[in-house]
Amino acid sequence: QLQLVESGGGLVQPGGSLRLSCAASGGFTLDDHAIGWFRQAPGKEREWVICISSSGESLNYADSVKGRFTISRDNAKNTVYLQMNSLKPEDTAVYYCATTSLGVCYQSGDFSSWGQGTQVTVSS
């Protein structure tokens, strides 16, 4: 059974950086999958932040993170990363990674396997 585990969240001051990891287990590999990062803040709808295709192409879906967030993947380690720089208080949310059986980033409804999330809090 595919399992996704997010890690790397925590408390950081505005302007700081965090690197989130999404690791797959259960005998599955991520090399043929597109992987997305999503976030949800209290009282707000879940937001699709960024995605990476099986070929390694990155696509930004949230204008607010362009130039600050970078997604990457290491298929040998079966892990996807989200590097977050210049963090702002409005970035505070629970961050989730998710996978689709497709190799491309098309629509949010394609993502069927989700991790439990990791909390990111940006505060002074």
Side-chain angles (χ1 to χ4, degrees):
Q1 188 72 37
L2 174 62
Q3 298 180 31
L4 299 175
V5 180
E6 301 96 336
S7 62
L11 175 65
V12 64
Q13 292 187 332
S17 298
L18 285 174
R19 188 195 193 197
L20 307 183
S21 298
C22 174
S25 63
F28 291 87
T29 58
L30 299 177
D31 57 319
D32 293 331
H33 299 257
I35 313 296
W37 282 97
F38 300 77
R39 67 184 182 185
Q40 187 168 24
K44 296 184 178 180
E45 297 292 326
R46 186 177 63 195
E47 179 183 29
W48 192 359
V49 177
I50 195 169
C51 188
I52 187 167
S53 70
S54 62
S55 65
E57 182 181 7
S58 300
L59 297 173
N60 292 293
Y61 291 88
D63 291 339
S64 62
V65 309
K66 289 183 178 179
R68 300 188 297 118
F69 288 14
T70 302
I71 189 171
S72 62
R73 64 191 303 159
D74 187 339
N75 290 335
K77 297 184 182 298
N78 221 18
T79 302
V80 175
Y81 305 96
L82 180 64
Q83 179 67 46
M84 305 185 295
N85 299 324
S86 302
L87 284 163
K88 305 175 181 179
E90 52 263 41
D91 295 319
T92 296
V94 178
Y95 284 72
Y96 302 88
C97 66
T99 68
T100 172
S101 61
L102 302 176
V104 297
C105 306
Y106 180 57
Q107 59 184 5
S108 61
D110 294 330
F111 294 87
S112 58
S113 298
W114 295 78
Q116 292 300 117
T118 185
Q119 176 71 49
V120 172
T121 302
V122 185
S123 176
S124 60

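These values consider heavy atoms only, across backbone and side chains, with no hydrogens, waters or symmetry-generated copies. Keep in mind the model is a prediction, meaning the values are calculated, not measured. Note that the numbering runs from 1 along the sequence shown for the chain.
At least one side-chain heavy atom of Leu18 sits less than 4.5 Å from a side-chain heavy atom of Leu87. A 4.5 Å side-chain heavy-atom check between Ser86 and Arg68 finds at least one atom pair inside the cut-off. A 4.5 Å side-chain heavy-atom check between Trp48 and Cys105 finds at least one atom pair inside the cut-off. Glu90 is not listed as a side-chain neighbour of Ser64, based on a closest heavy-atom distance of 4.5 Å or more. You'll find the side chain of Thr99 reaches within 4.5 Å of the side chain of Leu2, heavy atoms only. Between Pro89 and Pro14 there is a side-chain heavy-atom pair separated by less than 4.5 Å. Inter-residue side-chain proximity for Ile71 and Tyr81 is flagged as unmet; no heavy-atom pair is nearer than 4.5 Å. In this structure, the side chains of Leu20 and Val120 come closer than 4.5 Å at one or more pairs of heavy atoms.
Classification of the Trp114-Tyr96 ring pair by plane angle, with boundaries at 30° and 60°, yields perpendicular.
Rounding to the nearest 0.5 angstrom, the gap separating the CG atom in Asp110 from the CG atom in Leu102 is 5.0 Å. Separating the OG atom in Ser54 from the CG atom in Asp32 is a distance of 6.5 Å, to the nearest 0.5 Å. Taking OG from Ser108 and CZ from Arg46, the interatomic distance works out to 6.5 Å, rounded to the nearest 0.5 Å. In this structure, the separation between CD1 on Ile35 and OG1 on Thr100 is 8.5 Å, given to the nearest 0.5 Å. Arg19 CZ to Asn85 CG: the interatomic distance, rounded to the nearest 0.5 Å, is 11.5 Å. Expressed to the nearest 0.5 Å, how far OG of Ser72 lies from CG of Leu82 amounts to 8.5 Å.
For Lys44, there are no salt bridge (charged side-chain N to carboxylate O under 4.0 Å, His left out) partners, not counting sequence neighbours. Scanning for salt bridge (charged side-chain N to carboxylate O under 4.0 Å, His left out) contacts around Arg39 gives Glu47, Asp91, with sequence neighbours left out.
Considering every non-hydrogen atom in both Leu30 and Thr79, the closest pair reads CD1-N, 4.3 Å. Of all the heavy atoms in Ser17 and Gln83, the pair that sits closest is CB-NE2, 4.0 Å. Taking both residues in full, the closest heavy atoms of Gly9 and Thr118 are given as N-OG1, 3.2 Å, listed atom of the first, atom of the second, then distance. When all heavy atoms of Gly36 and Phe111 are compared, the closest pair comes out as N-CE2, 3.5 Å.
The number of heavy-atom neighbours closer than 6.0 Å to CD of Gln116, taken from other residues, nucleotides and ligands shown, is 12 or below.
Under the 4.5 Å side-chain heavy-atom criterion for ILVMFWY residues, a single connected hydrophobic cluster contains both Ile52 and Met84. Grouping the Ile, Leu, Val, Met, Phe, Trp and Tyr side chains by contacts below 4.5 angstrom, directly or via other members, places Val12 with Tyr95. Following chains of ILVMFWY side-chain contacts shorter than 4.5 Å, one cannot reach Val94 starting from Val122, and the two form parts of different hydrophobic clusters.
The six-membered or imidazole ring of Phe69 lies away from that of Trp37, with a centre-to-centre distance of 6.0 Å or more.
Without hydrogens or angle criteria, Gln13 side chain to Ser123 main chain gives no donor-acceptor distance under 3.5 Å. Asn60 places no side-chain N or O within donor-acceptor distance of the main-chain N or O of Ala62, the cut-off being under 3.5 Å.
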